[in-house]
Number of protein chains: 2
Amino acid sequence: MSYIEKKVITIGIVSELTGLSERQIRYYEERQLIFPERTAGGTRKYSFSDVEKLVDIANKMEDGLQTFEIRKMEKKKEALESKERNRMIQGQLNAAFYKNNQSQRGNRLR
Amino acid sequence: MSYIEKKVITIGIVSELTGLSERQIRYYEERQLIFPERTAGGTRKYSFSDVEKLVDIANKMEDGLQTFEIRKMEKKKEALESKERNRMIQGQLNAAFYKNNQSQRGNRLR
DNA sequence: CGTGTAAGGAATTCTGACACG
DNA sequence: CGTGTAAGGAATTCTGACACG
């Protein structure tokens, strides 16, 4: 896993990095917009990726969006990405199948 | 500045990431092997780069090196890098000077 | 709905010191 | 020299609640 995804930053630092209050950051978690991990003691840990997402959320909030709308946009984006992944896997399968077919045919010709 | 250099990780997390005790991590700072930043309240903040350096230090300590030896190796490495930087800058200057000379000569020939 | 705040408690971190080998 | 540990205090974070609009 790359550094950008590693959950290692505590909420105070995230607050400084994003300019958001800790209250806001916790609230966006309550609304299922971000998903920090926890230490054994219960302290939240965020990744740089989370920080980026929070900045994005902050921008959308400024645009007057509500948390549930941002949540929806997020889910839609994930659905698109999942579809794209499937399309690529399908492409690989097709390519492999085609290649396999070609070699089968070659065998038959000899 | 890239994420890897940003000082955002507290000592507890660094301890988990490196497997070193907090005591060890603080001691290596005392011996000038790492240089965390501080929050306004005085809490140490480390970067992923620091984490990597700590793992490297841990390996060297296992090899029986003493902190001052590791410190020396570090300084030597920095000196080499500085030299290399200078060499590259000199190279760029030479190239620019040569190019300038060529165009000067071209002007003279016409 | 989204955010500030005061409250009380728990987890985290800090420093300086003593101990051991 | 390098590290563990107990001590006391300060900074940080946590939750649940009340407030406002």
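Lettering follows sequence order; numbering is per chain, from 1.
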Walking DNA chain C from its 5' end, the first of A:Gln66 and B:Arg26 to be reached, judged by nearest nucleotide, is A:Gln66
Using the side-chain heavy atoms of A:Arg31, tell me which of these nucleotides is nearest: C:dC14, D:dT3, C:dG2. C:dG2
Tell me which nucleotide among D:dT15, D:dG4, C:dC14 gets nearest to the side chain of A:Arg44. D:dT15
For atom CD of A:Glu30 and atom C1' of D:dC14, their distance in whole Å: 14 Å
Would you say B:Thr43 places a side-chain N or O within less than 4.0 Å of OP1 or OP2 belonging to C:dC14? no
Quick one: A:Ile25 CD1 to C:dG2 C1', roughly how many Å, whole number? 14 Å
Is there a donor-acceptor pair under 3.5 Å between the side chain of A:Asn94 and the backbone N or O of A:Gly91? no
Atom-to-atom span, OH of B:Tyr46 to P of C:dT12 - whole angstrom: 16 Å
Backbone N/O of B:Phe35 and side chain of B:Lys7: donor-acceptor pair under 3.5 Å: yes
Rounded interatomic separation in angstrom, taking CD1 from A:Ile11 and P from D:dT12: 13 Å
Ignoring the backbone of A:Thr39, work out which of C:dT3, D:dG2, C:dT12 is nearest its side chain. C:dT12
The side chain to side chain donor-acceptor pair (under 3.5 Å) partner of B:Thr67 among B:Lys60, B:Arg31, B:Gln32 is B:Arg31
Do the side-chain N or O atoms of B:Thr10 get closer than 4.0 angstrom to the phosphate oxygens (OP1, OP2) of C:dT13? yes
Could you tell me whether the side chain of B:Lys45 and the main chain of B:Lys6 form a donor-acceptor pair under 3.5 Å? no
Nearest-angstrom distance from the residue atom CD1 of A:Ile9 to C1' of D:dT13: 16 Å
Taking CD from B:Glu29 and P from C:dT13, how many angstroms apart are they, rounded to a whole number? 14 Å
Can you measure B:Arg38 atom CZ to C:dC14 atom P for me and round it to whole angstrom units? 6 Å
Closest-nucleotide mapping onto DNA chain D: is A:Ile13 or B:Phe68 further toward the 5' terminus? I mean the 5' end. B:Phe68
For C:dG4, the nucleotide meeting Watson-Crick or G-U wobble distances (both under 3.5 Å) is D:dC18
Nearest whole Å is fine: how far is D:dT3 C1' from B:Leu54 CG? 15 Å
Could you identify the nucleotide paired to C:dA10, looking across every strand shown and requiring Watson-Crick or G-U wobble geometry with both distances under 3.5 Å? D:dT12
D:dT3 OP1/OP2 closer than 4.0 Å to side-chain N/O of B:Tyr28: yes
Is the closest side-chain heavy-atom distance between B:Leu54 and B:Val14 below 4.5 Å? yes
Please confirm whether any donor atom in the side chain of B:Arg23 sits under 3.5 Å from an acceptor in the base of D:dT5, or the reverse. yes
Against the side chain of A:Gln24, the closest entry in C:dT3, D:dG2, D:dT12 is C:dT3
Winner on side-chain proximity to A:Tyr27, out of C:dT3, C:dT13, D:dC14, is C:dT3
For A:Gly42 and A:Met61, find the nucleotide of DNA chain C closest to each by heavy atoms; which residue's nucleotide sits nearer the 5' end? A:Met61
Taking the six-membered ring where the residue is Trp, are the ring centres of B:Tyr3 and A:Tyr3 under 6.0 Å apart? no
